[in-house]
Amino acid sequence: FIPKELEKGKPFFSFGTMSTAYWDFAYEMELKAINQFNSQFSSFYVFPTIVFYCASFEALLNEGLTKILLYDKTKEVEIDLIKNSKGDYRDISKKVKVCAYYLDRKGQGNIDENILQEYIALSELRNAIIHYNPEFGSIFHYPPRLQAAFTRSKVKASLGGDWVETFKTKIVLDWSKETIKNVIDIFLDFQLKDKKEFYGA
């Protein structure tokens, strides 16, 4: 499908660039959040930062899985399920672990369970942000999966207040950056990719 406005234009997709583009945008949002923290306790820029840091990691996984298909079409059905979080791969833990299996060029594919649990919590927060439901916006109603995920996380955001306000804070921003960088670093190592090139540093 090509939108009619783009039918006559040249394709501008460059394979394997969205993970770094999402990272760069998340970093820009992070800087805006930090600037806002200079004058107030919370920042609405925390949420887009989290969304795009998570998008960066997911794009990195999908880019790696797509490269596998360039050389081996026999795995196309399973890789499609993984990339689209279908079947067993709706479970975040299973999806990340099978990605580690496929993408680790060193043949080990191990992920530290603590890092994985932090990423699961972050991913549930991202889901709560994207699928925001006002019914889960008071101190009496928390998104159940979000609450469950954060009981296993090291960040101890207060679960007694409105979750939207609770998670727009600097402690959550710092935790989300650390969490996503930890898991991205693992997969960059798996794929023998240059971290400086990915982060633009």
Side-chain angles (χ1 to χ4, degrees), residues 12-14 16-63 85 92 95-96 99 114-188 193-201:
F12 47 81
F13 175 75
S14 175
T17 59
M18 289 308 293
S19 57
T20 54
Y22 288 153
W23 177 271
D24 291 344
F25 184 76
Y27 182 69
E28 284 185 31
M29 293 298 102
E30 180 186 5
L31 293 179
K32 289 180 180 291
I34 290 168
N35 188 50
Q36 213 167 38
F37 288 135
N38 290 328
S39 59
Q40 57 195 55
F41 178 70
S42 67
S43 170
F44 53 79
Y45 287 112
V46 173
F47 283 178
T49 302
I50 290 169
V51 168
F52 278 91
Y53 273 144
C54 286
S56 178
F57 175 58
E58 290 175 6
L60 180 68
L61 297 183
N62 287 343
E63 289 162 2
S85 301
I92 298 169
K95 178 176 179 172
V96 173
C99 285
N114 293 324
I115 291 175
L116 182 57
Q117 288 303 319
E118 296 299 321
Y119 173 69
I120 290 170
L122 182 61
S123 186
E124 289 297 346
L125 176 54
R126 186 277 315 269
N127 291 344
I129 294 165
I130 291 176
H131 304 292
Y132 174 71
N133 181 346
E135 292 176 19
F136 293 123
S138 75
I139 61 173
F140 304 107
H141 298 93
Y142 244 69
R145 289 171 59 112
L146 179 62
Q147 189 167 3
F150 270 87
T151 60
R152 300 188 300 272
S153 171
K154 72 178 182 182
V155 71
K156 299 304 175 195
S158 167
L159 296 179
D162 181 318
W163 76 267
V164 173
E165 291 305 314
T166 296
F167 289 104
K168 290 194 305 184
T169 55
K170 189 170 189 311
I171 188 172
V172 172
L173 179 72
D174 293 343
W175 165 80
S176 67
K177 171 78 169 280
E178 177 190 354
T179 297
I180 208 69
K181 192 169 185 311
N182 283 341
V183 75
I184 284 176
D185 282 352
I186 288 171
F187 278 85
L188 291 176
K193 289 191 170 188
D194 185 348
K195 291 178 186 175
K196 288 183 180 178
E197 185 178 325
F198 181 87
Y199 298 117

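Please read these numbers as outputs of a predicted model, since none were measured by experiment.
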**Side chains of Arg126 and Glu58 in contact at under 4.5 Å (non-hydrogen atoms)** = yes
**Request:** Determine, step by step, whether Leu188 and Leu60 satisfy the side chain to side chain contact (heavy atoms under 4.5 Å, CB included) criterion, reporting the C-alpha distance in whole Å, the side-chain angles of both residues, the deciding distance to 0.1 Å, and the verdict.
**Result:** CA-CA 9 Å; Leu188 291 176; Leu60 180 68; 4.1 Å; yes
**Complete:** Scanning both residues in full, the closest heavy-atom pair of Tyr45 with Met29 reads CB-O, 3.6 Å
**Item:** Residues in salt bridge (charged side-chain N to carboxylate O under 4.0 Å, His left out) contact with Glu178, at least two apart in sequence or another chain
**Value:** Lys154
**Prompt:** For Lys95, what residues pass the salt bridge (charged side-chain N to carboxylate O under 4.0 Å, His left out) criterion, not counting sequence neighbours?
**Reply:** none
**Request:** For atom NZ of Lys32, decide whether the heavy atoms of other residues, nucleotides or ligands shown that lie under 6.0 angstrom number more than 12.
**Result:** no
**Request:** First locate atom OG1 of Thr49, then atom CD1 of Ile180, and finally report the distance between them rounded to the nearest 0.5 Å.
**Result:** 12.0 Å
**Message:** With a 3.5 Å distance limit and no angle check, can you tell me whether Glu63 reaches the backbone of Ser19 through a side-chain donor-acceptor pair?
**Reply:** yes
**Request:** Could you grab the distance from atom OG1 of Thr179 to atom CG of Leu122, nearest 0.5 Å is fine?
**Result:** 5.5 Å
**Asked** Any idea which heavy atoms bring Ser43 and Phe37 closest together, and the distance?
**Response** N-CE2, 3.6 Å
**Message:** Assess the residue pair Ile92 and Glu124 against the criterion (side chain to side chain contact (heavy atoms under 4.5 Å, CB included)); give the C-alpha distance rounded to whole Å, side-chain angles, the decisive distance to 0.1 Å, and a yes or no.
**Reply:** CA-CA 9 Å; Ile92 298 169; Glu124 289 297 346; 3.8 Å; yes
**Prompt:** Who passes ring pair (Phe, Tyr, Trp, His ring centres under 6.0 Å) against Phe47, sequence neighbours left out?
**Reply:** none
**Message:** Test of understanding: with ring pair (Phe, Tyr, Trp, His ring centres under 6.0 Å), list the residues that count as partners of Tyr22, not counting sequence neighbours.
**Reply:** Phe52
**Prompt:** Going by heavy atoms in the side chains, are Asn35 and Leu31 under 4.5 Å from each other?
**Reply:** no
**Fill in**
Tyr27 meets the ring pair (Phe, Tyr, Trp, His ring centres under 6.0 Å) criterion, sequence neighbours left out, with none
**Asked** Do Val183 and Tyr53 have side-chain heavy atoms sitting under 4.5 Å apart?
**Response** no
**Request:** Enter the distance from Leu125:CG to Ile130:CD1 here, rounded to the nearest 0.5 Å.
**Result:** 10.0 Å
**Prompt:** Taking C-beta and beyond as the side chain, do Ile184 and Tyr199 meet within less than 4.5 Å on heavy atoms?
**Reply:** yes
**Complete:** NZ (Lys177) and NZ (Lys181) are apart, to the nearest 0.5 Å, by 8.0 Å
**Asked** From Leu173 CG over to Phe167 CZ, what is the distance, rounded to the nearest 0.5 angstrom?
**Response** 13.5 Å
**Inter-residue atom distance Cys54.SG - Tyr119.OH, 0.5 Å rounding** = 5.0 Å
**Item:** With Asp174 via salt bridge (charged side-chain N to carboxylate O under 4.0 Å, His left out) - residues at least two apart
**Value:** Lys170
**Message:** Between Thr169 and Val46, is there a side-chain heavy-atom distance shorter than 4.5 Å?
**Reply:** no
